[in-house]
Amino acid sequence: MTILITWGLGYIGSHTAVVFANAWYDVVIVDNLSNTDIGVLEKINTLVPKPVTFYQCDLRDKIGLSKIFDVNKIDGVIHFAAFKAVGESCEKPFLYYDNNIGGGNCLYETMQTYGVRKVVFSSSCTVYNTVDNQPPYDESTSLKTINPYGSTKLIAEIILQDLSTHLGFQTIALRYFNPIGAHPSGVIGENPGGVPSNLLPYIYGVLLWTYEHLSVWWDDYPTPDGTCVRDYLHVMDLAEAHLKTYELLKMKDEWKSFDVINLGTGEWTSVMEMIQLTEKATWKKLPYKLCPKRAGDATSVYANPQKAHDVLWRKATRSVEDAIRDWWKFIQSQ
Ligand code: WQD
């Protein structure tokens with residue numbers, strides 16, 4: 001079986017490529033290298049039994065994409081390709097709409113041309129209405145986006161729902177909570193370009209003295225220690241869930257439908273707890289400063305993971321401590 005992974009040299013894509021290749025899939029990666037570097041390819045190939053195939057191609061390049069489908073008999077697609085910085089999406093909405101939605105549409109059209117119908121889509125918990133609903137969030141929670149990044153994920157889900165209804169696509173959208181960590185080998189992890197907006201990559205920068213301190217976006221939220229809480233999921237649990245999801249799509253070959261599944265642990269960790277866990281794992285003091293709230297931050301976001309347990313017969317098997325340990329091993333190997 002040949003699986004196409006878009007932006008498979010990225011953080012989650014690379015870990016997913018390793019999982020699929022070790023499950024004996026032929027992995028074809030398409031990436032335009034706008035949010036990663038080519039060095040990740042060589043690292044992936046040290047972790048898999050058979051080298052993955054790589055094409056540098058922007059999904060909006062219809063001719064380039066068609067050539068890839070011409071020479072590879074693609075059975076299904078894991079679609080990650082998207083910019084994902086919430087703050088950046090507010091400053092550059094057209095970049096997000098063009099890349100995330102425009103690239104996806106070009107991919108789906110090419111899939112239809114070549115008779116490829118199975119797609120696992122990388123969606124996000126940012127589609128949930130966290131203003132009018134309290135966590136834990138399950139798949140029936142109402143949807144409302146508050147930034148262009150989240151909107152691109154919601155719009156893509158709607159498009160894929162239409163394609164499933166009218167063109168026979170088989171789609172499962174996986175709504176991630178907060179992916180963290182790295183492959184246990186320490187060979188691959190998260191290499192964000194530019195100033196990271198996410199918590200752990202920024203902590204990474206502080207530990208490596210790129211930044212003086214961590215800004216903790218305020219501590220008077222209605223939580224046990226006053227800082228926001230999130231559902232942090234080990235990236236390897238996330239990657240393995242993509243394999244389980246694709247195996248489900250393979251079993252339901254006549255299934256012409258669309259479904260959504262949360263990928264979270266159902267547990268939550270506060271910012272201060274993440275600082276304490278990082279200090280414990282690294283034996284380093286993490287300097288931080290209390291700063292005003294970040295616009296758009298929800299107090300508390302965590303999943304009800306029951307549907308993933310029922311449909312994918314899987315639970316997260318790794319803890320936040322495991323993720324921080326694996327991530328620190330990756331950082332030290334850089
Ligand atoms: C986590 C917590 C901040 C940085 C992410 C992704 C989004 C989506 C959901 C997948 C928050 C606090 C952070 C810092 C801080 N995932 N923080 N200082 O906002 O939950 O969104 O998960 O689609 O793509 O962006 O994650 O890591 O930015 O923040 O205090 O320097 O850490 O307030 O409470 P967030 P995050």
Side-chain angles (χ1 to χ4, degrees), residues 7 10-13 15 35 79-90 96 100 121-128 130 135 137 143 145-154 156-157 173-181 190 192 194-207 210-235 237-239 241-242 260-265 268-278 286-303 320 323-324 327:
W7 284 24
Y11 172 41
I12 300 168
H15 289 78
N35 212 19
H79 179 32
F80 291 107
F83 293 126
K84 71 161 183 90
V86 168
E88 183 188 51
S89 78
C90 299
Y96 275 66
N100 295 9
F121 174 63
S122 163
S123 191
S124 166
C125 64
T126 46
V127 302
Y128 288 125
T130 56
Y137 297 120
L143 307 178
T145 58
I146 55 171
N147 55 68
Y149 163 74
S151 299
T152 66
K153 291 299 183 181
L154 182 53
E157 285 193 13
L174 297 175
R175 292 174 177 166
Y176 308 163
F177 281 71
N178 290 57
I180 59 168
E190 185 173 16
V195 179
S197 64
N198 292 143
L199 181 63
L200 267 191
Y202 199 95
I203 288 178
Y204 164 16
V206 174
L207 291 175
T210 307
Y211 311 114
E212 268 185 30
H213 61 270
L214 170 72
S215 303
V216 174
W217 306 125
W218 211 237
D219 71 345
D220 76 343
Y221 286 94
T223 62
D225 62 22
T227 61
C228 296
V229 301
R230 293 292 185 270
D231 183 335
Y232 296 99
L233 176 70
H234 196 298
V235 67
D237 274 324
L238 190 69
H242 284 71
V260 294
I261 301 175
N262 279 346
L263 290 187
T265 66
W268 51 263
T269 309
S270 74
V271 177
M272 286 313 292
E273 286 171 325
M274 291 298 276
I275 292 173
Q276 290 150 11
L277 289 170
T278 300
L286 188 76
Y288 68 87
K289 277 186 182 167
L290 216 46
C291 297
K293 291 182 181 179
R294 178 173 69 173
D297 262 345
T299 302
S300 173
V301 181
Y302 55 94
V320 172
I324 291 176
W327 161 81

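The figures here come from the full heavy-atom set of this structure, side chains too, leaving out hydrogens, waters and symmetry mates. Note that ligands are numbered from 1 as they come in the structure, with each ligand's atoms numbered from 1 the same way.
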Check: Val271 N/O within less than 3.5 Å of ligand 1 N/O: no
Identity of the nearest option to atom 10 (C) of ligand 1, non-hydrogen atoms only, from Ser270, Gly205, Ser124: Ser124
Where ligand 1 meets Tyr149 - atom numbers and elements under 4.0 angstrom, heavy-atom basis: 10 (C), 23 (O), 24 (O)
Proximity flag Phe177 to ligand 1, non-hydrogen atoms under 4.0 Å: yes
Ligand 1 N/O within reach of Tyr202 N/O, cut-off under 3.5 Å: no
Proximity to ligand 1 by part of Asn198, non-hydrogen separation under 4.0 Å: both
Cys228 neighbourhood, listing ligand 1 atoms whose heavy-atom distance to it stays under 4.0 Å: 34 (O)
Under 3.5 Å: N/O of Arg230 near N/O of ligand 1: yes
Within reach of ligand 1, part of Tyr232 (heavy-atom separation under 4.0 Å): side chain
Sub-4.0 Å heavy-atom contact, Val301 with ligand 1: no
Interfacing atoms of ligand 1 (cut-off 4.0 Å, heavy-atom, Lys84): 24 (O)
Atom indices of ligand 1, in the order listed, that fall short of 4.0 Å to a heavy atom of Ser215: 14 (C), 15 (C), 18 (N), 30 (O), 31 (O)
Atom indices of ligand 1 within 4.0 angstrom of Val216 heavy atoms, with elements: 30 (O)
Polar side chain donor-acceptor pair, Tyr128 to Arg175, under 3.5 angstrom: yes
Mode of Met274 contact toward ligand 1 - side chain, backbone, both, neither (heavy atoms, under 4.0 Å): neither
Distance-only donor-acceptor pairs under 3.5 Å for side chains of residues 286-296, two or more places apart:
residue: Arg294; atom: NE; partner: Asp297; partner atom: OD1; Å: 3.2
residue: Arg294; atom: NE; partner: Asp297; partner atom: OD2; Å: 3.1
residue: Arg294; atom: NH1; partner: Ser197; partner atom: O; Å: 3.3
residue: Arg294; atom: NH2; partner: Asp297; partner atom: OD1; Å: 3.0

Which segment of Thr227 sits under 4.0 Å of ligand 1 when only heavy atoms are counted: neither
Derivation of the side-chain hydrogen bond (donor to acceptor under 3.5 Å, both in side chains) call for Asp225 and Ser270: CA-CA 8 Å; Asp225 62 22; Ser270 74; 2.5 Å; yes
Set of side-chain hydrogen bond (donor to acceptor under 3.5 Å, both in side chains) partners for Tyr96, sequence neighbours left out: Glu88
Ligand 1 N/O within reach of Tyr176 N/O, cut-off under 3.5 Å: no
Heavy-atom gap Tyr288 to ligand 1 smaller than 4.0 Å: no
Of Asn198, Thr152, Asn35, Asn100, the residue whose pairing with Lys84 passes side-chain hydrogen bond (donor to acceptor under 3.5 Å, both in side chains): Asn198
Sub-4.0 Å atoms of ligand 1 with respect to non-hydrogen atoms of Asp297: 3 (C), 19 (O), 33 (O)
Side-chain donor-acceptor contact under 3.5 Å, Tyr176 with Ser122: yes
